[in-house]
Amino acid sequence: MPEGHSVHRLARQLDDVFAGEVLRVSSPQGRFTAGAALLDGRELLEATAHGKQLFARFAGEQILRVHLGLYGAFGFGGDQGFRGASSIGAPRRIGEKEAYDDGTPVAYDGPPEPVGHVRMRLVSEHGWADLRGPSVCEVLTVPEAEAVRGRLGPDPLGADTAAGEEEFLRRIGATGTVIAAALMNQALIAGVGNIYRAEALFRAGLDPWARGRDLPVPVVRRLWQDICALMADGVRDGRIITTRAPDRADPEAPVWPDHAYYTYQRQGQPCLICRTPIGLAELAARKLYWCPACQPRTGRSA
DNA sequence: CTAGCATGATCAC
DNA sequence: TGATCCTGCTAGC
């Protein structure tokens, strides 16, 4: 159940441990057998992310595209050098909750027998990665991969956040949908999910039902900039934390605060700012959390 | 133990 | 709008 920050961490991890390596690629589960055969024995050149989409470029113009969906996750394992190659702290799993190695040296005898439904297994000389439960795992040509990217909006974790801001402004200004729905539309902004959506709207004090095109330009700019900052923190921490330090129950515990969120899954509980009970609504088949007092309905909202 | 739900997105109707 | 994909966590027996 990853939002964009998890996929960016995953891309970094794959790049750290596999880039430049010739990989054995298989599908123990059997649902990716043909795709695995296209990649098997090729060098992984680079792994990148755009929003929630993961792209791994292999030699021979083969692009692996993975989307984790609701519950996809990668698991990693390998020898000491493999684990040390990770720049994000050698997690054993990336996708939903991440578990970290404690640094204890372990003997490495090659990958374990696949347990359960492993859609794809990548194996190098020094380590392995197992992919489970993705909504998409396929091999694309370069033009096909570019077409996928072309359908996505700007990524707050992309290299050029200034250009992304202008693009976000353009796309939000052109949509008639409410801002809470717009933030979940990957064609308008890529990588935001249900948590960042709810939390960014709260931090901006925005009515979730305000229409995108009705929002003042400076408000939309600040929203983009705040999402960029929040998601960059998420990549750094491996976890979504959106509460400002003074708003957490224990300011002395900045890394694992009691309250990581202002509104997400806090329906009925008091707002951390004004004590008003947090609201819950159904919007486009997803749950929307907001504070009715800090994010008052505006006249023109839908 | 089981049932229900979850940070997602597509497809059929 | 609802079903579906199909994993893992958690609340409740």
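So that the names make sense, note that chain A is the first sequence line, chain B the second, and so on, each numbered from 1. The structure presented is a predicted model; accordingly, all values stated were derived computationally and were not measured. What you see below is based on every heavy atom in this structure, not just the backbone, and it leaves out hydrogens, waters and symmetry mates.
One interatomic measurement links the two molecules: NE2 of H67(A) to P of dT7(B), which rounds to 14 Å at whole-angstrom precision. Rounded to whole Å, atom P of dT7(B) lies 20 Å from atom NE2 of H8(A). If you take CD of E98(A) and P of dT7(C), they are 20 Å apart, rounded to a whole angstrom. Atom C1' of nucleotide dA9(B) and atom CG of L70(A) are separated by 8 Å, given to the nearest angstrom. R132(A) places its CZ atom 11 Å from the P atom of dC9(C), with the value rounded to the nearest Å. Atom pair H50(A):NE2 and dG8(B):P shows a separation of 16 Å (rounding to whole Å applied). Distance CG (L68(A)) to P (dA6(B)): 19 Å, rounded to an integer number of Å. Rounded to a whole Å, the CG atom of L54(A) is 16 Å from the P atom of dG8(B).
With dG8(B), dT7(B), dT7(C) as the candidates, the nucleotide lying closest to the side chain of M184(A) is dG8(B).
Ionic pairing of D15(A) and R12(A) is not present here: no N-O contact between side-chain nitrogen and carboxylate oxygen is shorter than 4.0 angstrom. Under 4.0 Å is where a charged nitrogen must lie from a carboxylate oxygen, and between E166(A) and R221(A) at least one such pair does. Under a 4.0 Å N-O distance rule, the pair R9(A)/E98(A) qualifies as a salt bridge. E199(A) has no carboxylate O lying under 4.0 Å from a charged side-chain N of R203(A), or vice versa, which leaves the two without a salt bridge.
Distances shorter than 4.0 Å separate some side-chain N or O of Q186(A) from OP1 or OP2 on dA9(B). Between R93(A) and dC9(C) there is a side-chain polar atom (N or O) within less than 4.0 angstrom of OP1 or OP2. A close approach under 4.0 Å does not occur between any side-chain nitrogen or oxygen of Y71(A) and OP1 or OP2 of dG8(B). Applying the 4.0 Å criterion to OP1 and OP2 of dT7(B), one finds that K52(A) has every side-chain N and O outside that range.
Residue contacts shown for Y196(A) are absent, as no nucleic acid heavy atom lies under 4.0 Å away.
When the P atom is compared between dT10(B) and dG8(C), the two are found 23 Å apart, to the nearest whole Å. With both ends at atom C1', the span from dT1(C) to dT7(B) equals 22 Å, rounded to whole Å.
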Output side-chain donor-acceptor pairs under 3.5 Å for residues 276-293 of chain A, partner residues at least two apart or in another chain, one line each.
none

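Paired with D130(A) under the rule side-chain contact (heavy atoms from CB on, under 4.5 Å), one option of L122(A), V118(A), V123(A), V115(A) passes, and it is V118(A). Tested against L183(A) for a side-chain contact (heavy atoms from CB on, under 4.5 Å), the candidates N194(A), I227(A), V178(A) yield a single pass: I227(A).
For the contact set between residues 283-292 of chain A and DNA chain B, defined by any heavy atom under 4.0 Å, the members are R286(A), K287(A).
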